[in-house]
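In what follows, a structure is listed as structure tokens, so that the remarks can point back to it.
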2 protein chains.
Amino acid sequence: MAHGGGGQLTDELIADRILPRLDNDVLRSLGDSASLMPTFNDRVALTIDSYVVQPWRFPGGDIGRIAVCGTVNDLAVAGAVPIGLALSIVVSEGFAMADLEDVLDSVAAAADEAGVTIVTGDTKVIDHHDPPEITLTTAGVGRRPLQHHPDLARVQPGDRVIINGPVGDHGLAVMLAREMPDMQTTLRSDAAPLNRVIEDCWHGVGNGIAFMRDATRGGLAGVASDVAAQTGWHVVLREDAIPVRPAARHAADLLGLDPLDLANEGKVVIVARPEAQDRVLALLGAHEDGPAYTKPTVIGEVTDQRDGVCELHTTLGGRRVLQKPYGEELPRIC
Amino acid sequence: MAHGGGGQLTDELIADRILPRLDNDVLRSLGDSASLMPTFNDRVALTIDSYVVQPWRFPGGDIGRIAVCGTVNDLAVAGAVPIGLALSIVVSEGFAMADLEDVLDSVAAAADEAGVTIVTGDTKVIDHHDPPEITLTTAGVGRRPLQHHPDLARVQPGDRVIINGPVGDHGLAVMLAREMPDMQTTLRSDAAPLNRVIEDCWHGVGNGIAFMRDATRGGLAGVASDVAAQTGWHVVLREDAIPVRPAARHAADLLGLDPLDLANEGKVVIVARPEAQDRVLALLGAHEDGPAYTKPTVIGEVTDQRDGVCELHTTLGGRRVLQKPYGEELPRIC
């Protein structure tokens, strides 16, 4: 508990455990705030997310990895280039120091992968919980050029709905790790920083991209139904086009869940003009360096009906309204 | 629990409870990130802090108030002007909606007082705790002019150590509210946004100010011992000059604590050139609109000994080394 008190023990925790892992010039100055490079005429994008995933470690990642990926991805889909992350750690008394080090290593590795640095942070220790808990909160600042940017208002009939790979893996990997820790599965979280691939798309296609969002909580269903509801257009998704790994399909059936409702941490939904479709698919496909980037696919389109509904054409030939999950299919998944 | 799932219930929580309280153009767009005004040639300052104070409501404030004040103050002491805050909320299942609304009202009021807006946010719900828990994490972005800024490296012998008012009230108010909730006391947290008064000082005195820091966790002792240790100079504080309210002195004696070690949420320590001293005191004194701003006082100075020690000349004529608190005098105080 004393490690979170802001005294000498907190200094030691920072000097011995945190700095060696996240080292960079800005963080090393250990101010309570960080000073980042000038942004000239760009706007500044700011995002924040808290991560409460349980268990904190799961196949394919851990809380440190998603705390970096989620925040970097939120900036990227807004058309912003990350220039610095701030990380706040809240652990309960009794959380093992070795585990904290693993989380920090994971933060450092993911930040490295994304090409961003953790420039400032905070650490608090709260009372004992059983099991010991860790919560990370990551804020990200990005540069956002003043010209065009992805925006729901730019979505129009005829636009294609594209996703960069299979859905549901993250939510299911976490759920299985929590509920059936002894089960053998090949499912792994898709957690990945998407900023490089998104920047490539954005620079390569520009105005041909109307809107982007990462499909985290609420899953693909959440993003697609938001696009329909908030633009007022009718969106059609084709179930047979939506990539779902067999292992994910199997696990979802077992648990009575729909992979479309489940959180992803490495999936981006791009709404693009039809003439930009091939270029977007090619640019997404060029980043085949991880499971997150495989199989970019056109999964639907925006039609000119003005009902604000997202409709799923099912594999069996049926049609149903795709709704944003009501509450929480899977609690504490990110 | 379902309110934190990212589905329809989360949308309702945001639309019905959060937006009406924190309303502004940027937040209303409800992106996962916010876009802030261009910063021209300024640098961007970024800060983050998690707030875990227990109880979450205490005399003089609550967790919402300190979540805004702490972050705004961190930016201000770095010489930055806040341009936007991001707020992440983690509540445990069962935390009353009315209480959450009170916290949000308090966030809104403090942000208003500071003249900043909450531009983006996140909400997560975790499992039931007893008693129900709330954690806020606030990140702040500020503009920081490229010219001079407060920096420990600018501290030199002869500099005066100035504080804007009495110390210890926040830590003691929280401690009493937790440990002796039925005790009658006039003690109240000093939580206040200091950005306006600090900006006034900074603009009025400029280079005459070498360094500033808010005396939160670790208290005045933490700041003063850091100044000594990190600059290598010997710092002398005079105990009889350090303002402590009688009620705080009394409560500290009762609890066996030193007010110098206790967290404040509305106190700034300014290290200034001797010729700037009177101007700093006048500017601090001009903001007598709250308990936080009363009695700006010179409490010590930087001397030319090179031992990196902070020494306290006690009221009784003794001398002792003032050390940063080792662990945590008071857990969960901010």
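For clarity, every value in this text was computed on a predicted model and none was experimentally measured. In what follows, every chain begins at residue 1, and chains take the letters A, B, ... in the order their sequences are listed.
In this structure, A:I126 and B:E133 approach most closely via the heavy-atom pair CD1-OE2, 4.4 Å. The shortest heavy-atom contact between B:V125 and A:R332 is O-CG, 4.2 Å.
Atom CG of A:L87 sits about 7.0 Å away from atom CD1 of B:I48, to the nearest 0.5 Å. Interatomic distance, B:D122 CG to A:D49 CG, rounded to the nearest 0.5 Å: 4.0 Å. If you take CZ on B:R217 and OG1 on A:T123, they are separated by 7.0 Å, rounding to the nearest 0.5 Å.
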Evaluate the criterion side-chain contact (heavy atoms from CB on, under 4.5 Å) for residue pair A:V141 and B:V44; output intermediate values, then yes/no.
CA-CA 9 Å; A:V141 166; B:V44 173; 4.2 Å; yes
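Only the backbone of A:L85 comes within less than 4.5 Å of a heavy atom of chain B; no side-chain atom from C-beta onward does.
With a 4.5 Å cut-off on side-chain heavy atoms, A:D127 and B:H129 do not count as touching. A:L46 places a side-chain heavy atom less than 4.5 Å from the side chain of B:V119.
In terms of heavy-atom pairs under 4.5 angstrom with chain A, the leader among B:S50, B:A221, B:A80 is B:S50. No other option in B:G79, B:S88, B:A139 has as many heavy-atom pairs under 4.5 Å with chain A as B:S88.
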